[in-house]
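Let me begin by presenting the structure, written as structure tokens, before commenting on it.
Residue numbers start from 1 in every chain, and the chains themselves are labelled A, B, ... in the order their sequence lines are given, proteins ahead of strands.
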Number of protein chains: 2
Amino acid sequence: MRIVEKAGCESCQHKCDIFLTSKEMGLEDSLQPRKVAYKKYEQICRQNSIVTHAIILCEGNAKMYIEGSNGKNIILNILMPSNYIGLLAVFGSPSYSYNVSALTPCVTCHIGIEMIKKLYYHNHNYLIQLNQAFGSSVASIMKKLLSLSQKQLRGKVAESLIYLSQLYESHAFTLTITRKELGELSGISEENAVRVLTEFKNEGIIGLHGKVIEVLDMEMLQKLSLIG
Amino acid sequence: MRIVEKAGCESCQHKCDIFLTSKEMGLEDSLQPRKVAYKKYEQICRQNSIVTHAIILCEGNAKMYIEGSNGKNIILNILMPSNYIGLLAVFGSPSYSYNVSALTPCVTCHIGIEMIKKLYYHNHNYLIQLNQAFGSSVASIMKKLLSLSQKQLRGKVAESLIYLSQLYESHAFTLTITRKELGELSGISEENAVRVLTEFKNEGIIGLHGKVIEVLDMEMLQKLSLIG
DNA sequence: GTAAAAAGTTGCTACACATCAATGTTGTGA
DNA sequence: TCACAACATTGATGTGTAGCAACTTTTTAC
């Protein structure tokens, strides 16, 4: 990781109004937000480490995941600009309860936790936005909980494909994750992720060419996801 | 459910300062908090229904659970006084993402969402408390996610027993849930919940007499939970 | 451009777990 | 107190899924 510029961060300005507000407040330089660049695979934040900044993803794709005691991971989310990264940890807990690492080269915006707290009181709209983002994260974790414990292979993969299709806002998309990671996103093994993808291709539900996936029969995917 | 008194609610006053604040603010009667009584098994809030009140559990035990499309449940938490019930939904989402129902007769305190929003701005300490409770809920859901997807029977049950022991703050406790619900709490079938309990008893890890469980070897439980 | 590493694919096997069934036990309401 | 329902327990069985191994394809790095 390297710091690319001290302040500015126009790319996430539209979202959170942090920068306008920070200017209004006339904050000293050391409290101003910073942009940081990460290489592919680099870890942006680590489970159990202390939260010192709120982080917003400005460019690139990242995965949010938790790792179990046996070394296997579960991917909770794929993060896109301009998602919050530090969000779930900022106010609730002093340390991260998950990892985030870069799937592609990424640029993030780091905002000191002290400044966030000032803004917290200064701008109520920002606060409500933060809480809403928080809430929808919880809802999506709940969904994953159900999916992992009750659905079987095909239902889990179907759900992941629907998720990815919504994430990329298109029926055709290029995966930024490997088959192993698709397995971790679905809570299944790499091998079974491959097997189910092949099945879906053979059944005409999806088109499959390496990392490029095209959803051909979304209705069927929805159905598969629902029945498990 | 029945409304037992219009305001007051001394039992949760120590926790959130809502009532002191509401008096300071001189709120009209219709906005004052209300106490509500529920019978055993009665549902306190329902998945997908609209959130109109923040709810605090004042007396009794309740289970927070989500239900899947196949009718099977996952119990997220056992709630004790004075846990928040509506918490995860209050600011994040307009509707509940889970169910809560009474395991024993319960008394709750309902606070109109409008009043919560007023308090939100009026008392910053309350706000921070709320966010911290929110955060620890998220952390516990993450833990469950890992447990469900990576541990096997004995590890899951061990984790549930540790959870219950901490919940009741004692090595010996009387379950307010059935074996089926212990299964739902652990993400396994009722039959296997029974089998593992019997195993643990035969191995001298726990004492077992119907609903009364005594943890005899907490260290072993911790170990079992960790290795999965 | 070539070698090495990473990612992807397929078949086979073992087993952990859910499910079914039968039966015993406890609790509850008339 | 009796009858019925809910809860608890144990054994037998089928199957969904992880893990292993062998192999091919793609990507990465020098």
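In terms of heavy atoms, B:Glu159 sits closest to B:Ser225 at OE1-OG, 3.5 Å. Minimum interatomic distance between A:Gln43 and A:Tyr38 (heavy atoms only, all atoms of both residues): O-CE2, 3.7 Å.
Residue whose closest nucleotide on DNA chain D sits further toward the 5' end, between B:Gly210 and A:Gln152: B:Gly210. Between B:Lys40 and B:Gly187, the residue anchored nearer the 5' end of DNA chain C, judged by the nucleotide with its closest heavy atom, is B:Gly187.
As rounded to whole Å, 13 Å separates atom P of D:dA18 from atom NZ of A:Lys180. In this structure, NZ of A:Lys151 is placed 18 Å from P of D:dG16, rounded to the nearest angstrom. Rounded to whole Å, the distance from CD on B:Glu190 to P on D:dG11 is 16 Å. In this structure, the CG atom of B:Leu197 is 10 Å from the P atom of D:dT10, given to the nearest Å. The OH atom of A:Tyr41 sits 16 Å away from the P atom of C:dA5 (whole-angstrom rounding). A straight line from CD1 of A:Ile188 to C1' of D:dG19 spans 14 Å, rounded to a whole angstrom. Spacing between atom CD of B:Gln150 and atom C1' of D:dT17 amounts to 15 Å, rounded to whole angstrom units. Here the P atom of nucleotide D:dT25 and the CG atom of A:Leu208 are 15 Å apart, to the nearest Å.
No contact: B:Lys156 has no heavy atom under 4.0 Å from any strand. Note on B:Lys72: only backbone sugar-phosphate atoms sit closer than 4.0 angstrom, heavy atoms only; bases stay farther off. Using a 4.0 Å heavy-atom distance criterion, B:Thr178 is classed as a sugar-phosphate-only contact.
A:Glu184 and A:Lys180 are joined by a salt bridge, as a carboxylate oxygen and a charged side-chain nitrogen come within less than 4.0 angstrom of each other. A salt bridge does not link A:Lys72 to A:Glu67: none of the charged nitrogens lies less than 4.0 Å from a carboxylate oxygen. The pair A:Lys201-A:Glu214 does not count as a salt bridge, with every side-chain nitrogen at least 4.0 angstrom from each carboxylate oxygen.
Using a 4.0 Å cut-off, no side-chain N or O of B:Lys211 falls inside it from OP1 or OP2 of C:dG27. Between B:Asn192 and the phosphate of C:dA18, there is a side-chain N or O to OP1/OP2 separation shorter than 4.0 Å. Between B:Thr198 and D:dT10 there is a side-chain N or O to OP1 or OP2 distance below 4.0 Å.
The base of C:dC17 has none of its N or O atoms less than 3.5 Å from a complementary donor or acceptor on the side chain of B:Glu191. Contact annotation: side chain of A:Arg195 to base of C:dG8, donor-acceptor pair absent below 3.5 Å.
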